[in-house]
Amino acid sequence: MALLEVDGLKAGYGRIEVLHGISLRLEPHALCAIVGANGAGKTTLLMTLSRLVPIRAGHVRFDGRDVTRVRPHQLVRAGLVHVPEGRRMLAQMSVEENLLVAAAAQPSAATAAHIRELYERFPILGTRRSLPAGSLSGGEQQMLAIARALVARPKALLLDEPSMGLAPKLVEQIFEIIAAERARGTSILLVEQNARKALALADYAYVLERGAIALEGKGVDLLGRDEIVAAYLGVTPATS
Amino acid sequence: MIAQQLLNGLFLGAVYALFAVGYTLVFGVLDILNLAHAAIFTAAAFAAFSLASMGVPIPLALLAAAVMAGIMGILLDRVAFAPLRARNAGTLVPLISSIGVAIVIGAVLRGIYGVDERHFAIGGAAAAPVIHLGTVRFTTVELLIFLSAIALMLVLGWILRATALGRSIRAVAEDRVAAALLGVDLERTIGATFFIASSLGGAAGVLTGLEYNSATIDMGGPIELKGLAVIILGGMGSVTGAVAGGFILGAVETLAIAFGLSAWRDAILFGVMFLLLVARPTGLFGKRTLRAA
């Protein structure tokens with residue numbers, strides 16, 4: 001059974017409907033990519049999945065439970081954690097406080113040890129722990145954004161453009177972190193501008209077009225079809 | 001003479017600051033001005049008066065009135081702000097609904113207490129024993145008012161800096177979406193913010209009532225405007241700024257009187273504020289830049 005099942009999801013802002021009935025599955029231990037042009041609704045989809053944009057129609061099941069009508073913090077507790085576009089640092093708070101805010105939202109008390117563990121995994125965050133998060137570099141901020149999400153020990157991560165605005169070397173590093181997290185058994189729903197990279201990594205992928213799923217299939221299959229790469233992903237095979 | 005006036009300014013400023021920190025805390029978290037803050041300030045002063053007249057000791061009456069004010073704050077949020085928040089009503093509509101709540105609170109108080117001034121049995125600050133310290137003099141009640149205000153602000157500082165609730169409040173103030181995605185329960189955190197802000201505002205009301213030995217229906221009017229000046233001066237949403245602004249206001253006000261300019265008091269006050277804002281448009285401790293419309 002899928003970890004995350006979305007059926008006929010509709011959502012939008014005001015009078016504008018952005019998502020016109022999205023259905024998708026995220027299997028346990030899988031990495032699923034969502035690609036599509038700017039404005040296709042990728043970020044709205046993730047924001048709706050984490051309930052910061054209300055659901056207008058459709059159903060969402062997570063971990064065997066209907067979570068269509070829950071509040072955002074309840075999803076985090078259930079193990080569905082969203083790393084938003086633009087990283088959204090609590091810039092005036094320290095690196096450690098960013099982690100502690102996430103820890104305080106957890107019911108378990110073993111969080112101090114867990115935060116130490118995260119510092120071991122991301123040593124750069126350990127050395128910066130008392131600095132304001134806003135003073136970190138872009139790559140460090142993305143690392144903190146992911147580490148902050150891992151405090152909740154998620155079963156599934158929703159990652160929105162984790163490589164955005166990063167230098168190629170840092171993009172590699174972030175993708176390594178994503179691959180490592182997936183190897184630990186976390187399911188990942190990845191929204192990426194860098195579609196070629198995302199598809200290469202993904203078990204399964206959906207192409208989103210104007211608020212609807214236009215295509216779906218195994219990542220490598222989609223990647224192998226030049227017309228898809230050209231039409232949806234904004235890069236021609238020759239230039240990459 | 002100057003030392004005495006500065007001391008008076010300190011006493012006055014502590015209460016202004018206490019009122020203003022609650023005001024600015026709600027603004028920091030929700031980006032809205034809670035114009036019912038002064039009404040809760042007044043209600044708490046009357047509640048403490050009622051308790052004191054039933055024989056409850058003043059410190060206990062202060063505490064009970066502050067807790068009652070905190071609960072009023074939670075109700076205020078549920079009635080005036082939460083329904084609008086759920087509909088993304090922006091920041092102007094809640095301003096109006098908080099005025100509505102302020103009017104209701106005022107009417108209820110008028111219904112219970114009438115329009116007459118009420119006095120505490122202990123006779124207020126002026127009647128209390130006087131302490132002489134070098135060239136300055138003050139009363140024990142003034143000292144207690146000052147120490148209570150400082151203690152409450154220190155407790156607030158500790159909560160915000162060192163507790164999980166305080167971190168959640170600061171997280172919501174900085175970025176509500178980020179906080180929610182980290183698992184912070186927004187509604188609970190906002191409710192706690194209203195409790196804290198309103199209990200501090202209520203305590204300021206009780207202390208003001210003690211200072212002048214009176215509670216009146218319209219006692220919230222002047223402090224509402226001054227509180228607004230204080231939080232603009234300090235930087236909207238900045239608790240440190242509200243404390244600094246409160247003391248500056250207290251000092252300017254008493255010094256103006258000391259120099260025989262009491263008729264010009266408010267003109268001087270707002271003149272100083274004007275000059276400071278020309279130099280620092282976001283206020284003394286304001287970090288946030290003006291938002292793009």
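Just so it is clear: chains get the letters A, B, ... in the order the sequence lines come, proteins before strands, and each one is counted from 1. Excluded from the calculations below are hydrogen atoms, water molecules and symmetry mates; all remaining heavy atoms, backbone and side chain alike, are included.
- By number of non-hydrogen pairs under 4.5 angstrom with chain A, the leading residue of B:Leu165, B:Val184, B:Asn88, B:Leu186 is B:Val184.
- Contacts of A:Met89 with chain B are made by backbone atoms alone, with heavy-atom separations under 4.5 Å and no side-chain atom involved.
- You'll find the ring centres of B:Phe27 and B:Tyr23 outside the 6.0 Å limit.
- Only the side chain of A:Arg77 comes within less than 4.5 Å of a heavy atom in chain B; its backbone stays farther off.
- Interface residue B:Arg161: only backbone heavy atoms are found under 4.5 Å from chain A.
- No salt bridge links A:Glu85 with A:Lys42; every basic N to acidic carboxylate O contact stays at or beyond 4.0 Å.
- Of the listed residues A:Ala145, A:Ala102, A:Ala104, the one with more heavy-atom pairs under 4.5 angstrom with chain B than any other is A:Ala102.
- Residues A:Arg71 and B:Glu187 are not paired through a salt bridge, judged by the lack of any N-O separation under 4.0 Å between the basic side chain and the carboxylate.
- Proximity to chain B (any heavy atom under 4.5 Å) is shown, for A:Ala103, by neither the backbone nor the side chain.
- A cation-pi contact links A:Lys197 to A:Phe175, judged by a cut-off of 6.0 Å to the six-membered ring centre and 45° from its axis.
- Each of A:Val101, A:Asn98, A:Leu90 was compared with B:Arg167 under the side-chain contact (heavy atoms from CB on, under 4.5 Å) criterion, and only A:Val101 meets it.
- For B:Ala80 against B:Val101, the heavy-atom pair with the smallest separation is CB-CG2, 3.6 Å.
- Interface summary for chain B: among A:Pro72, A:Ala91, A:Ala149, the most heavy-atom pairs under 4.5 angstrom belong to A:Ala91.
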